[in-house]
2 protein chains.
Amino acid sequence: MADSTLDRFDRAILAILQEDNTTPQRRIGELVHLSTAAVQRRIRRLEQTGVIQANTAQLDPARLGRAITLIVEISVESERLDLLDATRARLAAAPEVQQCYYVTGASDFVLIVTVTTMAEYQALTRRLFFADGNVKSFRTHVVMDRIKTGTRIPVD
Amino acid sequence: MADSTLDRFDRAILAILQEDNTTPQRRIGELVHLSTAAVQRRIRRLEQTGVIQANTAQLDPARLGRAITLIVEISVESERLDLLDATRARLAAAPEVQQCYYVTGASDFVLIVTVTTMAEYQALTRRLFFADGNVKSFRTHVVMDRIKTGTRIPVD
DNA sequence: GCCTCGATGCAACATTGTTGCAGGATCATC
DNA sequence: GATGATCCTGCAACAATGTTGCATCGAGGC
C-alpha cells in the first residue's frame, strides 16, 4: 500500500472518475489516449491499492428530507485516550453525523450533521453530547448555504 | 423537480447506490425485489429529478499527496450582499477548498481545505484571505484525524 | 363497470466491461 | 552493448451489464 507512484495517465483517469464514474472506459481511453483495456487495468489497480476508496452516488439531502445542515464544534473535558476514543466512536456511529474530524485549536472535534428538523437536532445533542460525560461544551453553526460540497480533491 | 415522493423501493435503491454505485442492477433487483428493468427506470428517474446529483469515485487524499486537511472559520467585515457574493465565489473557485459553507454563529464561512504542505496553506491564506478586503479574520483548525468523511446521508 | 395512467416483468438487443495473448519499452545484469 | 526479466500496452474474442419494446397488471377517477 506504499509507493505505487501515479503517472499522468492515472491522474487523468482519476480526475475523470472523480467527476463521473459512469464514464465508459472507451470514452476515458479516448480522452487520455489509452486503449480501453489499459484504462480498465489501471482503474482496477487504483481500486485495489486504495487510491480509489469507493464509488458512490451523491444524493441531494433536501430531496431526502434532510434540509438542515449543521456544523458543530466540540470541546472535551479530558484528552485521556480511552475517553477520547469512546467519544470518537460514538460520534462516528451516528448516521446523522456525516463527517467528523479530530482537530487542533480551540475545539477538539468538528462535525457536519444533517437533520430533518431542529427538534431532531435537539434530540441528537442530548443523546450524543449531554449524555457523554467527556463533552465539555459544543458550539453549533447553522448552515444557511452549502456553497460547495463533496469530496473532490485536486489530482495534479 | 418538485414532489416525486420516494417510496421504499427508491430509498432502498438509494441506500445501495450511496454505498456502491457499481452494484449491478440485477443485484439491486434481487435485494429490493424488483426486476432489473424496474430498477433501471427508477435509477434513471432519480438521476433526472436530481435526487442523485452525481456518481463519483472517492479518492484517498493522502495517496494524492494531499496529506493535510484543515478546517477554517472565516469572519467577514461587512455582510453587504455584493461583498459576500464576491468572497463566496472566490472561495468556491479554489480547488484546495473542498467544501465551503455559509453559516450563522461566531463565524460566517466554514471551509474544509486540503493541501500538500503548510507552505501551500500559507500561500492560500495570502491569496484567499489576506487579499480579500472583506475577510476580517480567520481561525484554522488542523485536522489530526479524519474520523468520518464522505457525503453519506440517511435515506429513511 | 370502464377507462386512463403509471408501473411492472419478460425477453430481445445494445452497450460496456473483462481477459488471454502477443508484442514493445525499460532497466538491471553481465 | 547484448540479454533477459518485468511491466505495460493494444487487439480481439468473450462475458457481463445496461436498455428498450411490448404486453400485462393494479389503482383511482368518472
Side-chain angles (χ1 to χ4, degrees), chain A residues 1-60 62-65 150-153 155-156, chain B residues 1-60 62-65 150-153 155-156:
Chain A
M1 56 153 18
D3 43 304
S4 79
T5 69
L6 307 173
D7 62 18
R8 65 189 185 84
F9 288 116
D10 290 322
R11 292 179 182 270
I13 291 170
L14 290 173
I16 294 168
L17 294 181
Q18 195 175 212
E19 297 298 322
D20 179 8
N21 70 3
T22 68
T23 312
Q25 295 175 351
R26 178 173 48 77
R27 186 87 236 289
I28 298 175
E30 293 166 10
L31 291 171
V32 306
H33 304 299
L34 277 179
S35 70
T36 64
V39 169
Q40 129 95 355
R41 280 184 280 250
R42 279 171 180 269
I43 291 175
R44 188 152 53 96
R45 187 169 51 77
L46 291 167
E47 284 173 344
Q48 283 175 346
T49 59
V51 180
I52 296 175
Q53 296 184 315
N55 288 288
T56 65
Q58 306 297 310
L59 310 184
D60 182 347
R63 300 297 297 282
L64 283 152
T151 57
R152 196 168 309 165
I153 55 179
V155 295
D156 35 57
Chain B
M1 62 157 7
D3 44 305
S4 78
T5 70
L6 306 173
D7 62 18
R8 66 192 186 83
F9 288 116
D10 290 322
R11 292 179 182 270
I13 291 170
L14 290 173
I16 294 167
L17 294 181
Q18 195 176 209
E19 296 299 322
D20 180 7
N21 70 3
T22 68
T23 312
Q25 296 175 350
R26 177 174 47 78
R27 187 87 235 290
I28 298 174
E30 292 167 9
L31 292 170
V32 306
H33 304 299
L34 277 180
S35 69
T36 64
V39 169
Q40 129 96 355
R41 282 183 280 247
R42 280 172 179 268
I43 291 176
R44 187 151 54 95
R45 187 168 51 78
L46 291 167
E47 284 174 344
Q48 284 174 346
T49 59
V51 179
I52 296 175
Q53 296 185 316
N55 288 288
T56 65
Q58 307 296 312
L59 310 184
D60 183 347
R63 300 298 296 282
L64 283 152
T151 57
R152 196 167 311 166
I153 53 180
V155 294
D156 36 55

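Chain letters run A, B, ... following the sequence lines, proteins first and then strands; every chain starts at 1. Model, not experiment: these values are computed from the prediction.
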Write down the protein N/O and nucleotide N/O pairs, taken from nucleotides 8-10 of chain C, whose separation is under 3.5 Å; answer none if there are no such pairs.
unit_1, atom_1, unit_2, atom_2, d
C:dT8, OP1, B:R42, NE, 2.9
C:dT8, OP1, B:R42, NH2, 2.7
C:dG9, OP2, B:S35, N, 2.8
C:dG9, OP2, B:S35, OG, 2.6
C:dG9, N7, B:R41, NH2, 3.3
C:dG9, O6, B:R41, NH2, 3.2

Worksheet item: Salt bridge between B:D156 and B:R11, side-chain N to carboxylate O under 4.0 Å?
Response: no
Discussion item. Any salt bridge linking A:R44 with A:E47? Criterion: basic side-chain nitrogen under 4.0 Å from a carboxylate oxygen.
Written reply: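 Salt bridge between A:R44 and A:E47, a charged N being under 4.0 Å from a carboxylate O: no.
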Could you state the [atom1]-[atom2] distance from [X] to [N], rounded to the nearest angstrom?
X: A:R26; N: C:dG17; atom1: CZ; atom2: C1'; result: 12 Å
X: A:L6; N: D:dC8; atom1: CG; atom2: P; result: 12 Å
X: B:E47; N: D:dG18; atom1: CD; atom2: P; result: 12 Å
X: B:R45; N: C:dA7; atom1: CZ; atom2: P; result: 6 Å
X: A:E30; N: C:dG17; atom1: CD; atom2: P; result: 12 Å
X: A:D10; N: D:dC7; atom1: CG; atom2: P; result: 15 Å
X: A:Q25; N: D:dC11; atom1: CD; atom2: P; result: 16 Å

Practice prompt. Compare side-chain N and O positions of B:Q40 against OP1 and OP2 of D:dG18 and report whether any pair is under 4.0 Å apart.
Written response: no
Restricting to non-hydrogen atoms, name the atom on [X] and the atom on [Y] that form the minimum distance, rounded to 0.1 Å.
X: B:N55; Y: B:I52; value: ND2-CG2, 4.1 Å
X: B:V155; Y: B:A15; value: CG2-CB, 3.7 Å
X: B:L14; Y: B:L46; value: CD2-CD1, 3.8 Å
X: A:T49; Y: B:R63; value: O-NH1, 2.6 Å

Practice prompt. Flag yes if more than 12 heavy atoms outside B:R152 fall under 6.0 Å of its CZ atom; otherwise flag no.
Written response: no
Worksheet item: Between the axis at one end of the helix from C:dG1-D:dC30 to C:dC30-D:dG1 and the axis at the other (five pairs apiece), what's the angle to 10 degrees?
Response: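 Rounded value for the end-axis angle: 30°.
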Worksheet entry | Residue list, side chain to side chain donor-acceptor pair (under 3.5 Å) with B:Q48, at least two apart or on another chain |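 Partners of B:Q48 under the side chain to side chain donor-acceptor pair (under 3.5 Å) test: none.
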Worksheet item: What pairs with B:T36 under side chain to side chain donor-acceptor pair (under 3.5 Å), at least two apart in sequence or on another chain?
Response: none
Worksheet item: When rounded to the nearest 0.5 angstrom, what distance separates CD in B:Q58 from CG in B:D20?
Response: 11.0 Å
Discussion item. What verdict does the side-chain contact (heavy atoms from CB on, under 4.5 Å) test give for B:R41 and B:L34, after you've listed the backbone C-alpha separation in whole Å, the side-chain angles of each residue and the deciding distance to 0.1 Å?
Written reply: CA-CA 11 Å; B:R41 282 183 280 247; B:L34 277 180; over 6 Å; no
Worksheet item: Taking the side chain as C-beta and beyond, is there a heavy-atom pair between A:T56 and A:T151 under 4.5 Å?
Response: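 In short, these two side chains do not touch, never coming nearer than 4.5 Å.
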Worksheet item: Taking the side chain as C-beta and beyond, is there a heavy-atom pair between B:I28 and B:L31 under 4.5 Å?
Response: no
Discussion item. Using a 4.0 Å cut-off on heavy atoms, which residues in residues 13-24 of chain A reach DNA chain D? List them by number, or say none.
Written reply: none
Using a cut-off of under 3.5 Å, enumerate the N/O to N/O pairs linking the protein to nucleotides 22-27 of chain C.
none

